[in-house]
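Notes to accompany the following structure.
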Amino acid sequence: MANSSLSAVPTIREELEAAEELTLSPLAQRSARSRGRVHADRDDPEDDLRTAFQRDRDRILHSKAFRRLAGKTQVFLAPEGDHFRTRITHTLEVAQVARTLTRSLRLNETLTEAIVMGHDLGHPAFGHAGEKVLAHLCPGGFHHVRQSLRVVDQLEKDGQGLNLTLEVRDGILKHSKGKGAVLSDNPNLKALTLEGQTVRLADLIAYVNHDIDDAVRAGMLRVEDLPREITAVLGERHSQRIDRLI
């Protein structure tokens with residue numbers, strides 16, 4: 001009787017999943033309804049404490065590829081001083097924007113955060129200039145979004161990969177706007193979940209604003225150089241522009 005009564009007590013994960021059903025928008029992705037992982041997690045079954053997307057976020061945060069983001073600059077190569085963005089600080093700023101968006105829309109914050117933490121793992125050194133060189137050198141070309149997916153699927157854990165859920169992997173693959181539309185109707189570019197689409201917006205909001213901030217800090221740009229028709233709508237300060245775009 002004792003064992004049967006204990007088994008009837010819901011786990012923390014089950015309580016979190018039940019809370020999602022009650023609080024999230026009908027359009028949000030529920031953790032309990034994930035389309036699953038690439039491989040069955042025989043060695044690491046469902047967690048009693050964490051939802052599927054919490055586990056994905058934690059796997060990425062503890063990966064070697066995530067720690068390497070600290071050594072990759074965002075725009076300025078080998079800048080003097082430590083106040084310029086790196087890939088890891090960019091990732092944290094995207095997470096802040098994305099979580100604000102998803103919380104406002106009552107979407108799944110944890111899924112959004114997991115996608116953000118993995119979205120730039122495949123970026124090479126030397127920013128987009130490094131990516132262009134690799135695109136010429138690598139058979140079949142090179143793009144950081146495909147490399148990010150390759151990192152989590154094949155390279156981490158000595159070739160085993162992180163075995164993430166489909167929703168996180170899809171969001172990583174389709175986060176980059178590139179030179180296309182901000183939100184694309186192309187199913188090959190549009191994330192399956194609204195959380196994934198939100199990350200695409202958050203990435204753009206974050207880098208447009210912090211690239212301006214870094215350029216001003218480097219003395220390459222003055223705030224007065226920004227077009228008046230832009231600042232009149234978005235604001236004079238970094239925080240104002242982020243708030244208005246969100």
Side-chain angles (χ1 to χ4, degrees), residues 57 60-61 63 65-105 107 109 112-132 143-145 147-148 151 171-183 191 195-246:
R57 178 200 60 201
I60 295 169
L61 282 173
S63 69
F66 186 80
R67 294 193 292 275
R68 283 198 296 270
L69 292 176
K72 300 177 184 179
T73 50
Q74 178 71 15
V75 172
F76 295 95
L77 307 182
E80 293 183 5
D82 55 3
H83 291 168
F84 294 93
R85 269 73 173 187
T86 64
R87 287 287 171 196
I88 204 164
T89 55
H90 161 71
T91 295
L92 296 175
E93 292 187 37
V94 176
Q96 173 262 320
V97 173
R99 291 188 65 177
T100 302
L101 282 167
T102 48
R103 187 175 299 170
S104 301
L105 297 169
L107 300 177
E109 281 188 60
T112 301
E113 188 178 26
I115 296 170
V116 171
M117 293 305 162
H119 83 286
D120 269 356
L121 295 181
H123 257 298
F126 308 112
H128 290 287
E131 187 168 6
K132 289 179 181 178
H143 196 286
H144 77 273
V145 297
Q147 182 67 5
S148 293
V151 167
I172 291 172
L173 185 63
K174 298 173 183 175
H175 81 270
S176 180
K177 171 191 169 296
K179 297 185 183 301
V182 174
L183 286 177
E195 289 81 0
Q197 295 174 43
T198 298
V199 171
R200 187 178 172 107
L201 289 169
D203 187 36
L204 176 60
I205 292 170
Y207 74 67
V208 163
N209 281 288
H210 67 49
D211 288 356
I212 291 173
D213 194 45
D214 277 353
V216 171
R217 180 171 286 108
M220 298 178 64
L221 182 72
R222 298 177 305 163
V223 174
E224 304 83 61
D225 295 330
L226 298 175
R228 289 301 306 161
E229 61 269 25
I230 301 298
T231 56
V233 174
L234 298 183
E236 299 284 347
R237 300 195 311 274
H238 179 71
S239 59
Q240 288 177 327
R241 290 190 289 271
I242 290 179
D243 186 67
R244 180 58 59 87
L245 285 169
I246 290 175

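- Here Arg67 contributes atom CZ and Ile88 contributes atom CD1; the two are 9.5 Å apart, rounded to the nearest 0.5 Å.
- When side chains are defined from C-beta on, Leu69 does not count as touching Thr86, because their heavy atoms never get closer than 4.5 Å.
- Screening Val94, Val116, Val145, Leu204 against His175 for a side-chain contact (heavy atoms from CB on, under 4.5 Å) leaves a single residue, Val145.
- Atom-to-atom distance recorded for Leu107:CG and Leu101:CG is 9.0 Å, nearest 0.5 angstrom.
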Does the pair Leu221 and Leu226 meet the rule for a side-chain contact (heavy atoms from CB on, under 4.5 Å), with working shown?
CA-CA 8 Å; Leu221 182 72; Leu226 298 175; 4.1 Å; yes
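- For the pair Thr91/Met117, a side-chain contact is recorded, criterion being any heavy-atom separation below 4.5 Å from C-beta on.
- Every residue two or more places apart in sequence or in another chain that forms a salt bridge (charged side-chain N to carboxylate O under 4.0 Å, His left out) with Glu93 is listed here: Arg85.
- The CG atom of Leu61 lies 5.0 Å from the CZ atom of Phe66; values are rounded to the nearest 0.5 Å.
- Shown here for Val151 and Ala65, the closest heavy-atom pair between the two residues is CG1-CB, 3.5 Å.
- Between the side chain of Arg200 and the backbone N or O of Val182 there is at least one donor-acceptor pair closer than 3.5 Å.
- For the salt bridge (Lys or Arg N to Asp or Glu O under 4.0 Å) condition, the pairs that include at least one residue of residues 236-246, sequence neighbours left out, are Arg228-Glu236.
- The line from OG1 of Thr231 to CD1 of Ile212 is 10.0 Å long, rounded to the nearest 0.5 Å.
- Ser148 approaches Ile172 most closely through the heavy-atom pair CB-CG2, 3.7 Å.
- Once rounded to the nearest 0.5 Å, the distance linking CZ of Arg103 with OG1 of Thr198 reads 13.5 Å.
- What you find for Pro124 and Glu131 is that their closest heavy atoms are CG-N, 3.6 Å.
- When all heavy atoms are compared, the tightest approach of Ala98 to Thr112 is CB-CG2, 3.3 Å.
- Within the 3.5 Å criterion, the main-chain N or O of Arg87 finds no donor-acceptor partner in the side chain of His90.
- To the nearest 0.5 Å, the span separating CD on Gln197 from NZ on Lys174 amounts to 9.5 Å.
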